[in-house]
Amino acid sequence: MTDPKAIQPSELDQLPDRDPEETAEWRASLDAVAEAAGPHRAAYLMRRTLERAEGNGIALPKLLETDYVNSIPTPAEPSVPGDEEMEARITAWNRWNAAAMVTRGSKYGVGGHIATFASAAWLYETGFNHFFKGKEGDGSGDQLYIQGHAAPGIYARAFLDGRLNEHHLDNFRREAAGNGLPSYPHPRRLPWLWEFPTVSMGLGPLSAIYQARFNRYLTNRGVKDVSASHVWAFLGDGEMDEPESTAALALAAREELDNLTFVINCNLQRLDGPVRANFKIVQELEAQFRGAGWNVVKTLWGSAWDELFQLDTTGALVRRLRQVPDAQVQTYQTRDAAYIRQDFFGADPALAEMAKLLSDDKILDCFHFSRGGHEPRKVYAAYRAALEHKGAPTVILAQTVKGHTLGTGFASKNANHQMKKLSVDEFKAMRDLLGLPVPDSLFADGVVPYVHPGADSPEVRYLQERRAALGGPAPARRVHPVAALPAPAEKAFAAFDKGSGSQNLATTMAFVRLVKDLVRDKETGRRWVPIVPDEARTFGMESLFPSLGIYSPKGQTYEPVDRDQLMYYKEAKNGQILNEGITEAGSMADFIAASTAYATHGEPMIPFYIFYSMFGWQRTADQMWQLGDQLGRGFLVGATAGRTTLTGEGLQHADGHSPVIAATNPAALTYDPAFAYEISVIVREGLRRMYGEAKPGEDQDVFYYLTVYNEPLPQPAKPAGLGIDEGIVKGLYRFNTAESAGLTPVANAPRVQLLGSGTAIHWALQAQRLLAEEWGVAADVWSATSWSELRRDALEADAALLRGDERVPYVRQALQGAEGPVLAVSDYMRQVPDQIAQWVEQDYSSLGADGFGLSDTRDAARRHFGVDAQSIVVAALAQLARRAAS
């Protein structure tokens, strides 16, 4: 029997060894190779064996890192099916005009970035000439997420193909006068060109994953077959430090999104310096993506390195490339051949011998210029491999030099991200390097000229022919003519007009009931996209599981534990609900993809994303700005809203400020409805405005934010009378008066106007009764459905007045003639109702839940913040006392 003490821990295995003798032979073979040929040879054989096993589908843990070389060997590279010389000339024109645009703009102090596109030019040009499908062909074309700092290069190409002129380029970052170009990809600013806003770093990669996923969702649900669309996301290696950049890598692999390719421009530099000064960012990213299940293609070295790798008979070169940290690679870019001979080749005797065979020019060519991301053949091979790989998304790690072709003053310098211009002499050197026909005479008065080969030149014809073959210009945003969606049947909206009677109903449940009816609509029901971050049961949505199904590209491969129940957990390939797990960021990315499908795919979808209100705007407000910039449409629903309605959860869950943050977004229409019938009116109006027949001058590219509450309360019937719906939509209407509430005030009783939003209106109604019964004060109660819409209207009225067009703000019209002071109250900080203060003619004061939240009962919390009925009474009496004393 083997002595257990003789067994090393590394040799123990939970699985029984069926053939210990064979295992011992393999181990002995490895030991023999290591002893005879060295550990490096043994490591080489092991890596190749693991790669072979992976290629044969043998179930083994993945090899997370490969050698610091190209994934596609030079002999395996396909030929580029085009005119490489012509494409090189086109790229040269684009490099020049991108640099000229930013340099000319620098005299206005508007800034801009040159170095990023200089490093990535071939990454884009190869795609535009051979891969990126346009929107004028069949289907929806490809979706391109352009790296924000590379925008000047995209403008330069649009200038070359005639979509932009010199006037546009000279107004780069100067939009106020019209015909200007936004600094970065901004669809709201340039909606015919840009599809996706990407410069808020990290949001581009996250959105690209969920866009690819939503493409599959549309196809699997039978809404539209977009299986031919491919999503390309161009990213920076420094950008990958943003947590959003890698937050959904596992999702993309788990759902086998082979319709997605990340192209990471690994120029090894971020904004201030090296991305990984003492390490290797390419190897780190490779391990991260491979570990998540992605296909990884490394395109690191250009053709000049082929000779060096052929000379590397001992593996010393590959080992040295793995050892050298990124910051040192950056330094080699700026040093002479003697330095590189000593520092790089001198570190190993075998490399020192190799260096003797290399000229100084050869060394400089390799270390200064020859990178995989700068050679169209290498890039083409990587893109082709990405499209041919099935069953997983692909990331291409393309190594480049930041500031490539811009001269020694730019290339690989730590400060090049902040450098905004080249001198005339630097432009002339760039001209000579690129071989452009730009005579010195064009540099009049030191101004760098834009250059164009001519609208009928071979370069422009080639460019346009290539784009025509691929389906038209790119990037491009197209809003296809789509008929307005028919309004759902009125029955669904009218269901809440009679109130809930004796039943208490939370407004969260009222919203869910409304949506349940709307998704049954024969015309528009299939266009609803319910999105929830693993809180469907919290919001009472579990009844939608069996009827709509939860989207899963694999369907349901198991028997759910609750299959015998009516509301069982049902997943389906054509499921309608997107239940994203615990990720508000992922849910927002879903929402953005769905909310812009009307433009991306010509299919208007109606997303509603329901979430804890505290974890919406506070956590993902940057994405909500992205949503507005991308011209998205849909309903955001902040549930379990307010600071005092969510008992026991305490500070971190209590939302007293989301309407404040939402009010900063011009595209957000924020409502805090108090009653079920108000929700019905707001949703109906939202559907009309965003998806139906727009009124003249009305902006359809908006989204709605509704706060709804989890507190079960009586839902009253909709008041009779004209203008109620208009008041709900505009933000304010009188719910009742003291008299209509059955409270008969004494003659000449003092009167006060109580304005409440959301759940706070119930405290106002209690206060109304207390004021009448205990103090002889008559109070009228108003429902303020949207403080921010009242403010928006008032600001527009003020602006009109400055133009000589006098218009009374709606809030002033509504309150005109209302007797007594105005007291506004909400479950939010006072800043929310105070948005309208300056336009209220009466004496105005407010109550709100300012400060940090706390855990307690609702009653105790409201007393703590001074917003309960008794606090409203005290505040109202104080107002009346001050008024009497003045």
Side-chain angles (χ1 to χ4, degrees), residues 66-77 84 88 91 115 118-123 237 265-269 274 280-283 297-382 396-408 410-413 416 429 433-434:
T66 60
D67 288 327
Y68 202 65
V69 297
N70 294 348
S71 301
I72 304 172
T74 299
E77 294 170 359
E84 292 187 47
T91 306
S119 68
W122 275 113
L123 302 180
D237 47 0
N265 178 16
C266 297
N267 57 34
L268 313 185
Q269 289 181 249
K280 302 190 80 63
I281 185 61
V282 168
Q283 299 299 90
V297 178
K298 292 197 291 192
T299 303
L300 307 180
W301 307 110
S303 56
W305 284 84
D306 290 346
E307 179 183 345
L308 275 67
F309 288 123
Q310 289 297 318
L311 294 172
D312 183 28
T313 58
T314 66
L317 176 61
V318 174
R319 291 196 299 273
R320 182 65 177 141
L321 289 174
R322 285 177 61 89
Q323 293 168 356
V324 178
D326 284 352
Q328 192 63 22
V329 173
Q330 182 184 351
T331 297
Y332 293 149
Q333 178 70 31
T334 63
R335 296 295 195 269
D336 60 18
Y339 177 90
I340 299 172
R341 284 182 187 277
Q342 178 181 353
D343 190 88
F344 182 83
F345 292 98
D348 186 290
L351 290 180
E353 289 299 313
M354 179 192 295
K356 294 177 181 178
L357 304 174
L358 304 174
S359 68
D360 286 355
D361 286 345
K362 180 66 174 181
I363 289 175
L364 292 179
D365 187 19
C366 287
F367 283 84
H368 284 193
F369 303 106
S370 187
R371 299 292 188 276
H374 296 323
E375 295 194 10
R377 185 185 178 101
K378 307 288 186 185
V379 176
Y380 181 89
I396 296 170
L397 303 175
Q399 186 161 274
T400 67
V401 174
K402 194 166 185 177
H404 183 59
T405 73
L406 297 180
T408 57
F410 260 86
S412 280
K413 294 297 176 67
N416 62 18
L433 177 65
L434 297 176

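Residues forming a side-chain hydrogen bond (donor to acceptor under 3.5 Å, both in side chains) with Asp336 (at least two apart in sequence, or on another chain): none. Every residue two or more places apart in sequence or in another chain was checked for a side chain to side chain contact (heavy atoms under 4.5 Å, CB included) with Pro349, and none qualifies. By the salt bridge (charged side-chain N to carboxylate O under 4.0 Å, His left out) test, Asp67 is found to be paired with Arg47, Arg48, residues two or more places apart in sequence or in another chain being considered. Under the side chain to side chain contact (heavy atoms under 4.5 Å, CB included) criterion, Leu364 pairs with Ala337, Ile340, His368, sequence neighbours left out. Under the side-chain hydrogen bond (donor to acceptor under 3.5 Å, both in side chains) criterion, Thr314 pairs with no residue, sequence neighbours left out. With sequence neighbours excluded, no residue forms a ring pair (Phe, Tyr, Trp, His ring centres under 6.0 Å) with Phe369. Partners of Asp360 by salt bridge (charged side-chain N to carboxylate O under 4.0 Å, His left out), not counting sequence neighbours, listed by chain and number: Arg341. With sequence neighbours left out, Glu84 forms a salt bridge (charged side-chain N to carboxylate O under 4.0 Å, His left out) with no residue at all. Partners of Asp365 under the side-chain hydrogen bond (donor to acceptor under 3.5 Å, both in side chains) rule, at least two apart in sequence or in another chain, do not exist in this structure. Every side-chain hydrogen bond (donor to acceptor under 3.5 Å, both in side chains) that Thr400 has, sequence neighbours left out, goes to Asn265. Applying the side chain to side chain contact (heavy atoms under 4.5 Å, CB included) criterion to Leu433, with sequence neighbours excluded, gives Thr405.
Pairing each heavy atom of Ala398 with each of Gly373, the nearest pair is CB-CA, 4.3 Å. Residues Cys266 and Asp237 approach most closely at CA-OD2, 3.3 Å, considering heavy atoms. Closest approach of Tyr68 to Leu300, counting heavy atoms only: C-CD1, 3.7 Å. Closest heavy-atom contact between Arg371 and Gln399: CB-O, 3.2 Å. The two residues Asp343 and Arg320 have their closest heavy-atom pair at O-NH2, 2.9 Å. Shortest non-hydrogen contact noted between Trp305 and Cys366 is NE1-O, 3.1 Å.
Between atom OG of residue Ser303 and atom NZ of residue Lys378 there is a gap of 6.0 Å, rounded to the nearest 0.5 Å. With rounding to the nearest 0.5 Å, the separation of CD1 in Ile396 from OG1 in Thr299 is 6.0 Å. Atom OG of residue Ser119 and atom NE2 of residue His374 lie 6.5 Å apart, to the nearest 0.5 angstrom. The distance from atom NE2 of His404 to atom CG of Leu406, rounded to the nearest 0.5 Å, is 9.0 Å. The distance from atom CD of Glu353 to atom CG of Asp348, rounded to the nearest 0.5 Å, is 10.5 Å. Considering CG of Asp312 and CG of Leu351, their distance stands at 7.0 Å, rounded to 0.5 Å.
For the pair Val69/Phe309, a side-chain contact is recorded, criterion being any heavy-atom separation below 4.5 Å from C-beta on. Two residues are said to be in side-chain contact when any heavy atoms from C-beta on lie closer than 4.5 Å; Leu268 and Pro274 fail this criterion. In this structure, the side chains of Phe345 and Ile363 come closer than 4.5 Å at one or more pairs of heavy atoms.
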Gln328 vs Gln323, side chain to side chain contact (heavy atoms under 4.5 Å, CB included): CA-CA, chis, key distance, verdict: CA-CA 10 Å; Gln328 192 63 22; Gln323 293 168 356; over 6 Å; no

Step-by-step side chain to side chain donor-acceptor pair (under 3.5 Å) determination, Glu77 to Asn70: CA-CA 11 Å; Glu77 294 170 359; Asn70 294 348; 4.9 Å; no

Worked verdict on Trp301 versus Leu308 for side chain to side chain contact (heavy atoms under 4.5 Å, CB included): CA-CA 11 Å; Trp301 307 110; Leu308 275 67; over 6 Å; no

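Applying the salt bridge (Lys or Arg N to Asp or Glu O under 4.0 Å) rule to pairs touching residues 321-333 yields Glu65-Arg322, Lys280-Asp326, sequence neighbours excluded.
For the residue pair Gln333 / Lys402, no side-chain donor-acceptor distance below 3.5 Å is found, with atom types taken as modelled.
Aromatic rings from Phe367 and Phe344 are positioned such that their centres are separated by under 6.0 Å.
By the 6.0 Å contact criterion, CD on Gln342 is open, its count of non-hydrogen atoms from other residues, nucleotides or ligands being 12 or less.
Within the 3.5 Å criterion, the main-chain N or O of Thr66 finds a donor-acceptor partner in the side chain of Lys298.
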